[in-house]
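For reference, the structure is listed below as structure tokens.
Any value given below was found using the heavy atoms of this structure, including those in side chains, with hydrogens, waters and symmetry copies removed. Bear in mind that the values here come from a model prediction, so they are computed numbers and not experimental data. Counting starts at 1 for both ligands and their atoms, in listed order.
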Amino acid sequence: MRIDKLLANMGYGSRKDVKILLKQGVVRVDDQPVKDAKRQVNLETERVTVQGEVVEYKPFVYLMMNKPVGVISATEDKVESTVVDLIDPSYAHYELFPVGRLDKDTTGLLLLTNDGAFNHALMSPRKHVDKVYVAEVDGEMTTDDVRHFAEGVELEDGYTTKPARLELISKSGRRSTVRLTLSEGKYHQVKRMIAAVGKHVEQLERVQIGELELDPTLEPGAYRELSEEEVDLFFT
Ligand code: URA
């Protein structure tokens with residue numbers, strides 16, 4: 001990649017800012033000053049420094065997003081806005097993709113990465129990574145539903161879900177708030193399970209994946225990189 005593009009992508013300022021750094025002679029490749037913005041560099045094989053600081057080669061990126069309503073969990077779409085459209089262009093060269101999907105009207109914890117092994121560690125049915133949702137339900141969720149979900153619910157297509165943990169959080173009139181922990185991820189699973197007991201999900205938020213909770217400081221649409229410890233939660 002061109003050195004001006006690389007450094008701009010890595011947060012050293014705009015392409016213009018980077019050109020100034022290059023002119024100043026503070027950018028070095030394998031200890032030689034480089035002034036040509038078009039110079040191709042490869043961080044895997046060459047050592048790039050800016051004002052003496054090494055530019056780290058980072059092959060993989062892991063982001064936690066608080067997905068807002070109204071965007072789809074895809075990388076690109078001709079009509080709809082996607083979660084990847086919300087990511088700063090400085091990440092574009094990483095070619096991030098969402099780990100699994102949340103519906104367009106579902107909010108909350110969504111991870112994005114370019115690491116296929118991370119995606120697999122979270123999504124493979126054999127890895128049993130629980131996903132936790134909070135749902136606002138039109139209808140009264142009952143202790144019978146809790147028992148029913150613990151045994152597995154037959155969906156409208158005849159599939160019986162794996163045992164799921166349903167917790168009744170609050171009730172107000174005919175509305176209920178519940179927390180549901182699933183160990184599998186069938187299409188529209190939460191909505192279909194709640195429909196199978198005769199009620200309707202009005203709002204749905206994912207709050208946790210495995211041990212990783214949604215960062216409460218992230219506004220809808222905001223994201224941050226995962227720490228190394230957070231990434232490691234899924235590689236044990
Ligand atoms: N279950 C659903 O019904 N929708 C989601 O977005 C996630 C789980």
Interfacing atoms of ligand 1 (cut-off 4.0 Å, heavy-atom, Gln189): 1 (N), 2 (C), 3 (O)

Any idea which protein heavy atom is nearest atom 1 (N) of ligand 1, and the distance to it? Val190 N, 3.1 Å

Please check if atom CZ in Arg101 has more than 12 non-hydrogen atoms from other residues, nucleotides or ligands closer than 6.0 Å. no

When you compare ligand 1 with His188, is there at least one nitrogen or oxygen pair between them that comes in under 3.5 angstrom? yes

Which ligand 1 atoms does Thr106 reach within 4.0 Å, using its non-hydrogen atoms? 4 (N), 5 (C), 6 (O)

Can you name the atoms of ligand 1, numbered from 1 with element, that are less than 4.0 Å from a heavy atom of Leu204? 1 (N), 2 (C), 3 (O), 4 (N), 5 (C)

Output field: ring centroids Phe118/Phe234 closer than 6.0 Å: yes

Tell me which protein heavy atom sits closest to atom 4 (N) of ligand 1, plus the residue, atom name and distance to 0.1 Å. Asp103 OD2, 2.7 Å

Could you pull out all residues at least two apart from Lys131 that satisfy salt bridge (charged side-chain N to carboxylate O under 4.0 Å, His left out)? none

Test item: side-chain donor near acceptor, Asp115 and Tyr62, under 3.5 Å: yes

Contact between Tyr133 and ligand 1, counting heavy atoms under 4.0 Å? yes

Are any of the side-chain heavy atoms of Tyr91 and Leu63 separated by less than 4.5 Å? yes

Sidechain N-carboxylate O distance under 4.0 Å for Arg47, Glu56: no

